[in-house]
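A quick write-up on the structure given underneath.
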Amino acid sequence: VFSDDLIAAISGPISKYKLDSILLHDIPTVYRDIFIHMQGKSDIASIKGLLYVLCSLFYLKIDYTEEDTFSGSSQLLRDIFIYIENNIGNSCNLHDLAKELRYNEFYLSRMFLKHVGITYTEYVRNTKMNHACYLLRNTDDGIFSIASKCGYATHSSFNRCFKQFIGMTPQEYRIQNCANNNRVTE
């Protein structure tokens with residue numbers, strides 16, 4: 001099931017198709033129209049909308065006769081990813097996740113590493129840092145505000161983690177990316 005509001009973010013290229021459901025039927029034409037529409041777009045709603053539509057296109061191609069793809073651990077992983085996305089502004093620690101989903105922390109940790117290939121903590125950190133990069137590039141929010149929106153209690157812990165992950169401070173990242181954006185538009 002795909003979110004109508006996210007798909008609406010890229011409704012321009014698919015508006016000529018009658019959408020009785022969120023699944024699309026003329027896949028090659030829709031894909032081409034979406035690709036053309038997305039040239040140069042970088043806002044999060046458009047990117048998420050594109051990913052949702054692409055997932056729905058792949059959904060149509062999956063053969064479900066052998067087994068249900070959202071059984072067991074796949075459904076649990078989906079719930080974990082949703083939890084992280086909904087709680088990006090909080091700590092997203094494993095203890096809270098386990099409590100929310102009513103699973104053992106150790107089990108969640110092992111299962112996540114087995115299926116995703118990195119630890120839960122690494123994934124959360126990567127997600128938060130990617131979100132911070134997006135906010136630094138696309139908003140005028142202050143560094144402390146961005147740190148808070150990414151679930152960091154202090155400016156210093158955010159700066160330290162950001163520098164370890166990206167290789168520069170958030171301010172340096174913003175300056176470098178604003179300079180790159182200005183060169184592209186000139």
Side-chain angles (χ1 to χ4, degrees), residues 1-9 22 41-56 58-59 67-178:
V1 177
F2 300 99
S3 171
D4 291 330
D5 54 337
L6 287 175
I7 292 175
I22 297 179
K41 300 263 184 181
S42 64
D43 62 285
I44 194 71
S46 292
I47 293 168
K48 280 186 174 182
L50 173 65
L51 293 174
Y52 274 87
V53 169
L54 291 176
C55 286
S56 72
F58 290 121
Y59 174 82
E67 65 177 312
D68 181 9
T69 48
F70 282 112
S71 62
S73 60
S74 295
Q75 181 64 39
L76 180 56
L77 281 172
R78 180 183 163 278
D79 292 342
I80 292 170
F81 294 137
I82 289 170
Y83 175 84
I84 294 168
E85 186 172 332
N86 290 339
N87 291 283
I88 199 75
N90 301 321
S91 68
C92 287
N93 65 53
L94 190 58
H95 174 76
D96 293 342
L97 170 70
K99 187 175 177 183
E100 174 80 17
L101 299 180
R102 295 184 174 106
Y103 277 88
N104 176 282
E105 287 178 51
F106 183 68
Y107 171 78
L108 287 177
S109 177
R110 275 190 339 213
M111 187 274 306
F112 193 88
L113 178 60
K114 177 183 174 186
H115 291 286
V116 179
I118 60 173
T119 67
Y120 173 79
T121 304
E122 287 175 293
Y123 182 84
V124 168
R125 186 204 60 215
N126 294 353
T127 302
K128 287 176 180 274
M129 289 296 104
N130 286 326
H131 185 60
C133 288
Y134 171 81
L135 293 173
L136 287 165
R137 284 191 317 271
N138 295 295
T139 71
D140 293 328
D141 294 349
I143 305 297
F144 185 76
S145 174
I146 290 172
S148 178
K149 288 178 181 178
C150 293
Y152 288 87
T154 67
H155 184 272
S156 61
S157 64
F158 173 69
N159 277 345
R160 183 176 53 255
C161 187
F162 193 90
K163 188 162 185 166
Q164 287 173 344
F165 186 75
I166 303 295
M168 62 182 79
T169 67
Q171 188 63 36
E172 291 168 340
Y173 180 86
R174 176 174 267 168
I175 290 168
Q176 180 178 339
N177 282 280
C178 286

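Counting heavy atoms from C-beta on, the side chains of L77 and M111 come closer than 4.5 Å. For the pair N126 and F165, the minimum side-chain heavy-atom distance is below 4.5 Å. Counting heavy atoms from C-beta outward, I82 and R78 have side chains that approach closer than 4.5 Å. Residues F112 and T121 fail the side-chain proximity criterion, which asks for heavy atoms closer than 4.5 Å. Between C133 and I166 the shortest side-chain heavy-atom distance falls below 4.5 Å. Using a 4.5 Å heavy-atom cutoff, the side chains of V124 and K128 are in contact. Counting heavy atoms from C-beta outward, N87 and E100 have side chains that stay 4.5 Å or more apart.
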For this session: Take Y120 and L108 through the side-chain contact (heavy atoms from CB on, under 4.5 Å) test and state the conclusion after the steps.
Result: CA-CA 8 Å; Y120 173 79; L108 287 177; over 6 Å; no

For this session: Starting from the C-alpha separation in whole Å, work towards a yes-or-no answer on side-chain contact (heavy atoms from CB on, under 4.5 Å) for R174 and I146.
Result: CA-CA 12 Å; R174 176 174 267 168; I146 290 172; 3.5 Å; yes

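Between the side chain of N104 and the backbone N or O of Y107, at least one donor-acceptor pair lies under 3.5 Å. Without hydrogens or angle criteria, D96 side chain to C92 main chain gives no donor-acceptor distance under 3.5 Å.
With values rounded to the nearest 0.5 angstrom, T139 atom OG1 is found 8.5 Å from Y134 atom OH. Note: I118 CD1 to R125 CZ = 8.0 Å, rounded to the nearest 0.5 Å. Rounded to the nearest 0.5 Å, atoms CD1 (I143) and CG (L136) are 5.0 Å apart. How far CZ of R110 is from OG1 of T119: 15.0 Å, rounded to the nearest 0.5 Å. Remark: L76 CG to Y83 OH distance equals 13.0 Å, nearest 0.5 Å. One distance of note links CE of M129 with SG of C161; it measures 4.0 Å at 0.5 Å rounding.
Nearest heavy-atom pair, E105 versus H95, reported as atom, atom and distance to 0.1 Å: OE2-ND1, 2.8 Å.
The aromatic rings of Y123 and F81 lie tilted to each other, with the angle between the two planes from 30° to 60°. The aromatic rings of F162 and F158 sit tilted, their planes meeting at an angle between 30° and 60°.
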